[in-house]
Amino acid sequence: MELVQCKVSITKKVGADFVEAYPNELLFKEGYFYPVYPTEDGQWITLDEEGEQHIIAGERNPKHDFWFMTHFELK
């Protein structure tokens, strides 16, 4: 297990068009810490504010995942 800190709040997006859900469902809060777990496939998983699992990095080394590095910081 590792800890990550959310850099910017992340709300739920729906579908391929990335249309925002209404009302905006907050998945991860800016400044909050989340435990992350690497899978055998090299993905990194954590739980959002509602307890739902999310893959937040698709690389064995999350520092190589652009989306992860934009939204989270390893601690």
message: To the nearest 0.5 Å, what is the distance between CG on Asp65 and CD on Gln43?
response: 10.0 Å
statement: Taken to the nearest 0.5 Å, the spacing of Glu73 CD from Lys63 NZ works out to 9.0 Å
- line: Distance col, row Leu26:CG vs Glu49:CD, nearest 0.5 angstrom, shows 6.0 Å
- request: Identify the heavy atoms of Lys75 and Glu2 that sit nearest to each other, and give their distance.
  value: O-OE1, 4.3 Å
query: Shortest non-hydrogen contact from Glu30 to Ser9?
result: N-OG, 3.0 Å
- request: Could you pull out the closest heavy-atom pair between Cys6 and Val8, with the gap in Å?
  value: SG-O, 2.8 Å
task: Show which residues join Met69 in its hydrophobic cluster (side-chain heavy-atom contacts under 4.5 Å, direct or indirect), or state none.
output: Val4, Ile10, Leu27, Phe28, Tyr32, Tyr34, Val36, Trp44, Ile56, Trp67, Phe68, Phe72, Leu74
field: Rounded distance (nearest 0.5 Å) linking atom CD of Glu40 with atom CZ of Arg60
entry: 9.0 Å
